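Keep in mind that what you see is a predicted model, and the values were worked out from it rather than measured.
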Amino acid sequence: MRRKLHTIIFLLAFCCASAVSFDVMAQDYLEPDSIFISNDEGGGNLKEYYNALKQHLFPEEWSIGYLSVPSFFGEYGLFLLYDSKGPMLVYNQFRSNYYYYRSSRNKNETQNSISRDTMRISNEEAERLTGIITDAINKAVKPDGLGRLGLDGINYYFMLPDKMARIWSPEKESECQKLVNEFENLRKQFPEEQRRMHEGLMYVRHNIARLGLGYSTSLGNSPIKSG
């Protein structure tokens with residue numbers, strides 16, 4: 001009886017481990033998507049939201065793009081483009097979550113702000129980043145069913161002008177999380193992002209010192225309107 005019980009426990013543990021392993025392996029590949037490059041004119045609130053993100057966060061003539069859409073925090077995009085001086089990364093971020101901020105009041109009066117920053121990179125780095133995104137998109141696998149979804153989390157989009165793929169909140173051990181980390185680490189190199197993190201730290205220290213009394217910071221962001 002004891003041996004049978006041990007066998008059952010072993011089989012249950014093996015099945016659970018296999019399920020976790022399969023979930024992680026499933027996140028080694030992005031899922032094909034087209035929401036930001038499709039010419040579909042379909043309506044709906046979500047379509048309007050995605051169009052607003054594209055309007056405010058996407059620069060013109062970009063060659064690769066990385067977009068993070070959190071459930072509650074400000075959405076942001078990191079894009080590579082070329083001008084007369086060579087390759088340049090453009091980083092645009094909403095100060096607060098555009099979807100909820102816009103939904104909380106009359107959209108004709110809704111105002112938000114965007115922090116904008118740029119950073120020059122070498123041709124070699126531009127080619128490396130382009131290769132990383134192109135390879136990940138080309139290897140994207142259409143999931144069975146609806147794919148990986150959840151109520152809260154972050155959608156990450158990796159884009160070429162004519163092709164794109166996404167992943168939702170990948171597990172730490174997955175290849176998709178390594179891909180996300182590549183661009184998140186790059187984002188932290190922007191002066192504006194370093195400034196934002198520094199002001200955030202100062203905000204926390206200030207409120208701890210003053211036991212929660214009022215304090216505000218300003219990043220000198222540019223206001224935008226939705227509508």
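- For the atom pair NZ (Lys139) and CG (Leu179), the distance works out to 11.0 Å, reported to the nearest 0.5 Å.
- One finds the CD1 atom of Ile154 at 7.5 Å from the CD atom of Glu184 (value rounded to the nearest 0.5 Å).
- Taken from CG in Leu78 to CZ in Arg187, the straight-line distance is 9.0 Å, to the nearest 0.5 Å.
- Residues Pro87 and Arg120 form no side-chain contact, since every pair of their non-hydrogen atoms from C-beta on lies 4.5 Å or further apart.
- Contact annotation: the side chain of Leu30 never approaches that of Tyr156 to less than 4.5 Å [non-hydrogen atoms, C-beta and beyond].
- Not a single donor-acceptor pair under 3.5 Å links the side chain of Asp135 to the backbone N or O of Gly131.
- When the side chains of ILVMFWY residues are joined at heavy-atom separations under 4.5 Å, either directly or via intervening members, Phe158 and Leu160 end up in a single hydrophobic cluster.
- None of Tyr49, Phe72, Phe94 except one satisfies the ring-ring contact (aromatic ring centres under 6.0 Å, His included) rule with Tyr100; the exception is Phe72.
- In terms of heavy-atom proximity, Met88 sits nearest to Asp83 at CE-OD2, 4.0 Å.
- At a threshold of 4.5 Å between non-hydrogen side-chain atoms, the residues Tyr66 and Glu182 do not count as touching.
- Contact detail for Ala126 and Tyr82: the closest heavy-atom pair is CB-OH, 3.4 Å.
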| request: Mind running salt bridge (charged side-chain N to carboxylate O under 4.0 Å, His left out) on Asp28 and Lys178 for me, showing each step along the way? | output: CA-CA 9 Å; Asp28 286 341; Lys178 295 177 183 178; over 6 Å; no

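- Criterion: ILVMFWY side-chain heavy atoms under 4.5 Å apart, direct or through other members. Under it, Ile167 and Phe73 are not part of a common hydrophobic cluster.
- The side-chain contact (heavy atoms from CB on, under 4.5 Å) with Ile64 is formed by just one residue from the set Leu81, Leu80, Ile137; it is Leu80.
- In this structure, Glu31 and Trp168 have side chains that are not in contact, with every pair of non-hydrogen atoms separated by 4.5 Å or more.
- Using a 4.5 Å cut-off on side-chain heavy atoms (C-beta onward), Met119 and Tyr91 make no contact.
- Annotation: Phe58 is in aromatic contact with Phe36 [ring centroid separation under 6.0 Å].
- To the nearest 0.5 Å, atom OG of residue Ser38 and atom OH of residue Tyr50 are 12.5 Å apart.
- Side-chain polar atoms of Gln177 and Asn181 form a donor-acceptor pair below 3.5 angstrom.
- Of all heavy-atom pairs spanning Pro170 and Ser174, the tightest one is CB-OG, 3.6 Å.
- Between Val90 and Trp62, every side-chain heavy-atom pair lies at or beyond the 4.5 Å cut-off.
- Here the shortest heavy-atom pairing between Ile37 and Lys163 reads CD1-N, 3.3 Å.
- With values rounded to the nearest 0.5 angstrom, Arg128 atom CZ is found 10.5 Å from Ile133 atom CD1.
- Contact record, Asn97 with Ser71: ND2-O, 3.5 Å, taken as the closest heavy-atom pair.
- Inter-residue side-chain proximity for Phe183 and Leu129 is flagged as met; some heavy-atom pair is nearer than 4.5 Å.
- Between His56 and Asn92 the shortest side-chain heavy-atom distance does not fall below 4.5 Å.
- For the atom pair Glu75 CD and Asn155 CG, the distance stands at 11.0 Å (nearest 0.5 Å).
- Across every non-hydrogen atom of Val69 and Tyr157, the tightest pair is CG2-CE1, 3.7 Å.
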